[in-house]
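Notes follow once the structure below has been shown.
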Amino acid sequence: MSETAKATAKAEQADAHSNRWKALTFIALAQLMVVLDATIVNIALPSAQQDLGISDGNRQWVITAYALAFGGLLLFGGRIADLWGRKRTFVAGLIGFAGASALGGAATNEAMMLGARALQGAFGALLAPAALSLLAVMFTEAKERAKAFGIYGAIAGGGGAVGFILGGVLTEYLNWRWTFFVNIPFAIIAAAGAYFVIREPAGGRNRSPLDIPGVVLSTLGLVSLVYGFTRAESNGWGDSVTVGLFIASAVLLAAFIFTESKVKAPLLPLRVITERNRGGVYLSLGLAIIAMFGLFLFLTYYLQIVKGYSPVKTGFAFLPMIGGMMVGSTQIGTRLMTRVAPRLLMGPGFLVAALGMLLLTQLEIGSSYASTILPSMVLLGLGMGTAFMPAMSLATLGVEPRDAGVASAMVNTSQQVGGAIGTALLNTIAASATTSYIKDHIAGAGSKSQQQLVQLEGQVHGYTNAIWFAVGILVVAATIAVTFINTGRPDVTSASDAGAGDGIEDEVKVPVIAH
């Protein structure tokens, strides 16, 4: 290489290095938009259903269409980012998401709404893995990586709760359509900023031909899995179609893994998930999301139906959890990540969250927000924030540059599938316990007011039963994190050298293992 070419390359690397914190702002904004959208529509759904004449049987598809497209296409989106370039994929995903949001906000009928939600999910599947993999290749120095992933982890964990607040405010004071339109300025600002600021390090593309069988099998397998859990919530676990979907999912995903072990350029190189640290992160993170999404659902219903909170007041009731996540992720996790092994943050973090969940098993109709819900939310936020931060970083640490997109997609896949499972599984447990309680106690209720009281007590009984399961799931997540993840704390010295070097090729390839 000539001296002029070397000087140009070094100047480009210096530019990329100096802009990476600005780039983080736009990446974080885009991630917030995607996470918000997973919950913001929930609060607006009743109003949208009435305006568009959507039947009760079809209303779940407003949520399910997004989840199916997003969850089913994530691995494909991650591979496109590796193939096409992460910056280009990121900007294209943002523009597409903005267009789909405009379509949803302008929807005049059910078909238009469901189509817009599916498009949002598809472009989200492009956007989310590109965002995380950009962080992975731009932040290679240990302390800076800790800060960057601390911010990202806080957004990924707390954004869903922010969605409840924003959804409540927009629906109550403006119109449900604004829960879609609000994405447009987010997307335009993030896309413009990304286009001008992000400088993707050279040498990280994976230009291998696309694994078409892998794309088809993984998409169909994940769609079957997510839809199976969604259907189980409404039709029951014994429903023949539900059982058929689970069987189809198992067969398709088994065929996918077999295919990936044989093809030359797999969609998901098995080396990404068989490395024990990354495998431990994907599994423990998915389980934690199961517990967390179930909690969002129960607390929303408890606060609105049992306590009589408005949508806006319900949203603000989640603020202590968001604050706890911010502190846990950007303060505790970031400060300790370069000093202790990740498992010593993730394991205790999940246990602290489990303790917060345990407090909620004591919920009753007359429970005080200040004495029961507030402390549990703070503990949940602190625990999840502390655990999410190293999990997000470790999920992409040590991957080959050409695999960064698909490794990032696996993080999002574990979250998306975990969210679908959590909502369906825990809601089914709660509904069953509620039905049983009402059946056992309704005979003793003479007056109408007593019958209404029994029904409310039955709902709370159902919530607390399901929350006990969520506590157990978090304990299992903590156990997996402590036993599977054996990497030591980041080698700050070598990572610093990498950060000052020639870009992505200098990224730490193998984590320091502490036996």
Side-chain angles (χ1 to χ4, degrees), residues 15-16 18-44 48 62 65-66 69-70 73-74 77-78 80-81 84-108 112-113 115-135 138 148 151-152 154-156 158-160 162-171 173-200 405 408 412:
D15 185 37
S18 63
N19 278 335
R20 64 197 184 287
W21 287 108
K22 292 179 187 175
L24 174 63
T25 304
F26 300 112
I27 292 170
L29 184 64
Q31 175 64 13
L32 177 61
M33 180 186 72
V34 172
V35 177
L36 280 176
D37 207 71
T39 54
I40 194 172
V41 176
N42 288 28
I43 286 181
V62 177
Y66 178 86
F70 192 87
L73 294 171
L74 269 167
I80 290 295
W84 199 27
R86 295 169 192 96
K87 175 181 173 178
R88 189 182 298 174
T89 306
F90 182 68
V91 173
L94 280 166
I95 293 169
F97 200 93
S101 298
L103 190 66
T108 55
M112 193 172 169
M113 167 62 78
R117 288 293 284 163
L119 275 176
Q120 278 187 312
F123 283 109
L126 269 186
L127 172 60
L132 185 54
S133 59
L134 276 169
L135 287 192
M138 290 170 68
I151 294 168
Y152 188 89
I155 290 170
V162 176
F164 286 117
I165 299 174
L166 196 55
V169 170
L170 292 173
T171 303
Y173 296 112
L174 290 172
N175 184 286
W176 65 264
R177 296 182 185 277
W178 282 96
T179 60
F180 288 89
F181 291 145
V182 74
N183 291 326
I184 298 171
F186 274 104
I188 291 172
I189 293 168
Y195 182 80
F196 290 109
V197 170
I198 291 177
R199 299 289 182 269
E200 187 178 351
S408 303
N412 289 285

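For the numbers below, each heavy atom of this structure counts, side chains included, while hydrogens, waters and symmetry mates do not.
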Measuring from [X]:[atom1] to [Y]:[atom2], what's the distance to the nearest 0.5 Å?
X: Phe180; Y: Leu103; atom1: CZ; atom2: CG; result: 9.5 Å
X: Ile80; Y: Leu73; atom1: CD1; atom2: CG; result: 10.0 Å
X: Ile189; Y: Thr25; atom1: CD1; atom2: OG1; result: 12.0 Å
X: Leu127; Y: Leu74; atom1: CG; atom2: CG; result: 10.5 Å
X: Gln120; Y: Met33; atom1: CD; atom2: CE; result: 8.5 Å
X: Leu119; Y: Tyr66; atom1: CG; atom2: OH; result: 12.0 Å

Residues that Phe181 engages under ring-ring contact (aromatic ring centres under 6.0 Å, His included), provided they are two or more places apart: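 With neighbours one apart ignored, the set is Trp178.
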
If you look at every heavy atom in [X] and [Y], which pair is closest and at what distance?
X: Ala102; Y: Ile184; result: CB-CD1, 3.7 Å
X: Leu134; Y: Ile27; result: CB-CD1, 3.9 Å
X: Asn183; Y: Ser101; result: ND2-OG, 3.1 Å
X: Ala116; Y: Ala100; result: CB-O, 3.6 Å
X: Ala92; Y: Trp84; result: CB-CZ3, 3.9 Å
X: Val91; Y: Tyr195; result: CG2-N, 4.3 Å

Between Arg117 and Phe70, is any pair of side-chain heavy atoms under 4.5 Å apart?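 Counting from C-beta outward, Arg117 and Phe70 never come under 4.5 Å.
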
